[in-house]
Amino acid sequence: MPHPLLDPRRLAALNALGVQQAWVPRDALDETELAALMPHVGPAAPAAGRRQPAAVARADAPAARAEPVVRPAAGVPAPADQAAAAAAPRAEQPAVAAQRLEHVRALAWEPLQAFTEACRACKLGGMRHQAVFGVGHAQARVMVVGEAPGAEEDRLGEPFVGAAGKLLDNMLRACGLQRRGDDPRSTVYIANVIKCRPPGNRNPEPDEIAQCLPILRRQIELVRPRLLLALGRFAAQALTGSSEPIGRLRQRAWDWQGTPVVVSYHPAYLLRTPQDKAKAWADLCRAQDLLDML
Ligand code: URA
C-alpha cells in the first residue's frame, strides 16, 4: 500500500492539473517514498536538531476531505449552507413562460435536443452557428456543467473543445473519467448552463440563463447522474441557487434535488490562474470521495 502522497490516482491528478510540487515534511516519508517523490533530493536528515515546521504548507494540499453529503429536501442547499444562501441576494431570474416550462419538462432526450437546436427564445438564438446541447453518456454517473459555448464549441457543436476543454479532459482523465465511451461509470455527460454562444464570449445575461435553465434541468432529470460537477460561477450559481462568489461556494455540501453538487473553478479560469489548480484538485478529491461513498 503506497504512502497516501504516492497514491497513483493522486499523482495522476496532480500531473494533469500541472501541480507537481508536493511540499511535505521530508521525515513524514521513508527513503523509498522520498526518492519517488523527489528524486533530486537526498535522504532526509535525522529529525533531531532539525527545525520542525509548525504548520507545513503543501502546495497541493486539499483544503479539506469531503464530509458525507447531507441530503436536505429536494433542491435545497444542505443545512449548513442554508443561512448563507438565504442571506445572499439570489440572482435575478426573469420569468419564463409557463407554457415553455411545461413543454420542456415533458420532453424525452431526442425531442429535447431538437427543441434546443431550434430554440430562438432569446437573442443568442439568432447569432449562433449552432446550439451546443451536450456530449457524453446519457446515463452518466457524473454530469459536468459548464457555462456557455465559446467560438470553437459554436463551430463544432460540442462543449469544451477549446483550450479549457483540453484541461477539463485532463482533469477528468486523472479521475478515471472521459467524455466519450460506453461505460456510464467512466463516461461523463457534459453540458452548459446556456446552449448558445454569447457574442465575444461575454457573460451570459439573466434572461438567457432563465430561458436555458429548463433545458439543463430536463437534461439532469433524464441523465439522473449520481454527482454533478459545477464548473465556474454561472454553473455553480445555477445549481446551488446562491449568488455568492465561486470561492465561497466550493468545498461546501450542496445538492440539486437530492443529487450532490461539487462546485469548482472553471477550467478557463484555471488556465489564467494556475495557482488555483491546487484548489481545483481539492474539489476533484471531494468529488471522488463522494463518488466512492455513493
Ligand atoms: N466554457 C464552457 O463553460 N463551456 C464550453 O463548452 C466551453 C468553454
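Each ligand, and each atom within it, is numbered from 1 in the order the structure gives.
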*Would Gln130 and Asp154 satisfy side chain to side chain donor-acceptor pair (under 3.5 Å), going step by step from the backbone distance to the final call?*
CA-CA 6 Å; Gln130 54 192 316; Asp154 179 60; over 6 Å; no

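- Polar contact check, Asn192 against ligand 1: a nitrogen or oxygen pair lies under 3.5 Å apart.
- In this structure, Ala148 is part of the shell of residues with a heavy atom less than 4.0 angstrom from ligand 1.
- The contact set between ligand 1 and Pro159, taken as ligand atoms under 4.0 Å from a residue heavy atom, comprises 6 (O).
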*Please test Lys195 against Glu117 for salt bridge (Lys or Arg N to Asp or Glu O under 4.0 Å), starting from the C-alpha separation and ending with a verdict.*
CA-CA 9 Å; Lys195 312 301 187 198; Glu117 287 166 359; over 6 Å; no

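- Residue contacts with ligand 1 for Glu147 involve both N, CA, C or O and side-chain atoms from C-beta outward (heavy atoms, distance under 4.0 Å).
- A salt bridge does not link Lys166 with Asp169: none of the charged nitrogens is closer than 4.0 Å to a carboxylate oxygen.
- Residue Gly146 has no N or O atom closer than 3.5 Å to an N or O atom of ligand 1.
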_Run the salt bridge (Lys or Arg N to Asp or Glu O under 4.0 Å) test on Glu208 and Arg202 for me, step by step, so that the C-alpha distance in whole Å, both residues' side-chain angles and the decisive distance to 0.1 Å come before the verdict._
CA-CA 12 Å; Glu208 297 157 1; Arg202 66 156 167 77; 2.7 Å; yes

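- Under a 4.0 Å heavy-atom criterion, His266 is in contact with ligand 1.
- A perpendicular orientation is assigned to the rings of Tyr189 and Phe133, their planes being inclined by more than 60° (bins at 30° and 60°).
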